[in-house]
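To start, the structure itself, in structure tokens.
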Protein chains: 2
Amino acid sequence: MQDEDLAVMMRALGHPVRLSILKIVAKSQQSCCCADVTQCLPLAQSTVSQHIKVLLEAGLIERRSEGTKNCYVVVAPKMQKLESAFGSLTRGLIS
Amino acid sequence: MQDEDLAVMMRALGHPVRLSILKIVAKSQQSCCCADVTQCLPLAQSTVSQHIKVLLEAGLIERRSEGTKNCYVVVAPKMQKLESAFGSLTRGLIS
DNA sequence: AGCATTCATCGTTAAATAACGATATAATCT
DNA sequence: AGATTATATCGTTATTTAACGATGAATGCT
């Protein structure tokens, strides 16, 4: 994986609100929409939507529209790739 | 590990220049100072020093003064803690 | 068709970040 | 003591980010 792509994902994870959003999305077994996330956080809907966009653009979550809602899921393969890239980074750094 | 701390480290890793700096510091077996890093990058010394500060504050590298130079090393235990925190994060997200 | 719901996007503002050159500090050397 | 070296910090500028309220577009309901 390219350093730039890795950096984009790291940056996406580099904000506590986005970590929270990821956890909320992951935890809710059935479809999790923007309103669901917003309800869990002390932030405006538009702010949450913006954070979601960052996660989307990093490829860490995916949108799928469901009626009038937009639901989000964590992209497991991407997370795994990230973890492995991160692993080889750290291995390279500390060996 | 607290979400905020995790986010600080992720953010520190969320810039390609800082990834480069970490790699440069890790690769150079003997003491690696700011000038050494700067020589490897198309950036001003002050800019490199600023990036180094971000890595220092995240606890990912450590300074140790050596004569008139300041040398840097990757803090292996911190990297390992980060990797394990990251691992449990992703495990929580994709399970 | 008209209304309600959901949510992305727009426009704005304040704060943080990235980059630079210039300067100041601290250690070494002559 | 004075000169040199290495580098952190300062001051600045431009860009990006975070947060908000308001608006608009798409979908579903009556």
Side-chain angles (χ1 to χ4, degrees), chain A residues 3-25 28 30-75, chain B residues 3-25 28 30-75:
Chain A
D3 266 11
E4 182 56 49
D5 302 325
L6 187 56
V8 165
M9 289 189 237
M10 291 298 195
R11 204 160 41 233
L13 293 174
H15 192 295
V17 166
R18 287 194 288 269
L19 289 178
S20 300
I21 292 176
L22 275 178
K23 287 178 188 173
I24 291 165
V25 168
S28 92
Q30 64 271 42
S31 42
C32 179
C33 66
C34 182
D36 297 331
V37 176
T38 303
Q39 226 169 10
C40 300
L41 296 171
L43 292 171
Q45 175 268 322
S46 58
T47 304
V48 172
S49 188
Q50 230 173 284
H51 281 297
I52 285 176
K53 191 181 188 183
V54 174
L55 292 170
L56 277 172
E57 285 175 348
L60 298 177
I61 62 175
E62 237 172 24
R63 182 172 14 229
R64 125 183 89 87
S65 94
E66 209 167 271
T68 165
K69 299 181 178 180
N70 282 349
C71 298
Y72 297 96
V73 283
V74 175
V75 179
Chain B
D3 266 12
E4 181 58 47
D5 303 324
L6 187 56
V8 166
M9 290 190 238
M10 292 296 196
R11 204 161 41 233
L13 293 174
H15 193 296
V17 166
R18 287 193 289 268
L19 290 179
S20 300
I21 292 177
L22 276 178
K23 288 179 189 173
I24 292 166
V25 168
S28 91
Q30 64 273 42
S31 43
C32 179
C33 65
C34 181
D36 297 331
V37 176
T38 303
Q39 225 170 11
C40 300
L41 296 170
L43 292 171
Q45 175 268 322
S46 58
T47 303
V48 172
S49 187
Q50 230 173 283
H51 281 297
I52 285 177
K53 191 180 188 183
V54 173
L55 292 170
L56 276 172
E57 285 174 348
L60 298 176
I61 62 175
E62 236 173 24
R63 181 170 20 225
R64 126 183 87 87
S65 94
E66 207 167 272
T68 165
K69 297 181 179 180
N70 282 348
C71 298
Y72 298 96
V73 283
V74 175
V75 179

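Small disclaimer: the values here were computed from a predicted structure and weren't measured. Just so we're on the same page: letters track the sequence lines, and every chain starts at 1.
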Pairing residues for [X] by the side chain to side chain contact (heavy atoms under 4.5 Å, CB included) criterion, not counting sequence neighbours:
X: A:Ser65; result: A:Asn70
X: A:Ser46; result: A:Ala44
X: B:Leu19; result: A:Asp3, A:Leu6, A:Ala7, A:Leu89, B:Leu13
X: B:Ala35; result: B:Cys33

Which residue pairs satisfy the side chain to side chain donor-acceptor pair (under 3.5 Å) criterion with at least one member in residues 6-22 of chain A, sequence neighbours excluded?
A:Arg18-A:His51
Any residue of residues 31-44 of chain A with a heavy atom less than 4.0 Å from an atom of DNA chain C
A:Cys33, A:Cys34, A:Ala35
Proximity to DNA chain C (any heavy atom under 4.0 Å), residues of residues 4-18 of chain B only
B:His15, B:Arg18
Straight-line distance of B:Glu57 CD to B:Met9 CE, nearest 0.5 Å
13.0 Å
Measuring from atom CD1 of B:Ile21 to atom CG of B:Leu60, what distance do you get when rounded to the nearest 0.5 angstrom?
11.5 Å
Check whether any side-chain heavy atom of A:Leu41 lies under 4.5 Å from a side-chain heavy atom of A:Ile24, and answer yes or no.
yes
On DNA chain D, reading 5' to 3', which nucleotide is the first and which the last to sit with an atom under 4.0 Å from a heavy atom of chain B, could you check?
D:dT5 to D:dT9
For B:Glu4, which residues count as a side chain to side chain donor-acceptor pair (under 3.5 Å) partner, sequence neighbours excluded?
none
When A:Thr47 and B:Ile52 are each assigned the nearest nucleotide of DNA chain D, the 5'-most assignment goes to B:Ile52
Might you point out which heavy atoms bring B:Cys32 and B:Ser28 nearest each other, and give the distance in Å?
CB-OG, 3.0 Å
Where B:Val25 and B:Val73 come nearest, the two heavy atoms and their spacing
CG1-CA, 3.8 Å
What is the distance from CD of A:Gln50 to C1' of C:dA15, rounded to the nearest Å?
14 Å
Quick test of your reading: applying salt bridge (charged side-chain N to carboxylate O under 4.0 Å, His left out), list the pairs with at least one residue in residues 61-72 of chain A, sequence neighbours left out, ordered by first then second residue.
A:Arg64-A:Glu66
Please, which pairs that meet salt bridge (charged side-chain N to carboxylate O under 4.0 Å, His left out) have at least one residue in residues 33-54 of chain B, sequence neighbours excluded?
none
Each nucleotide in nucleotides 22-30 of chain C should get exactly one letter: B, S or -. Can you fill that in based on protein heavy atoms under 4.0 Å?
B----SS--
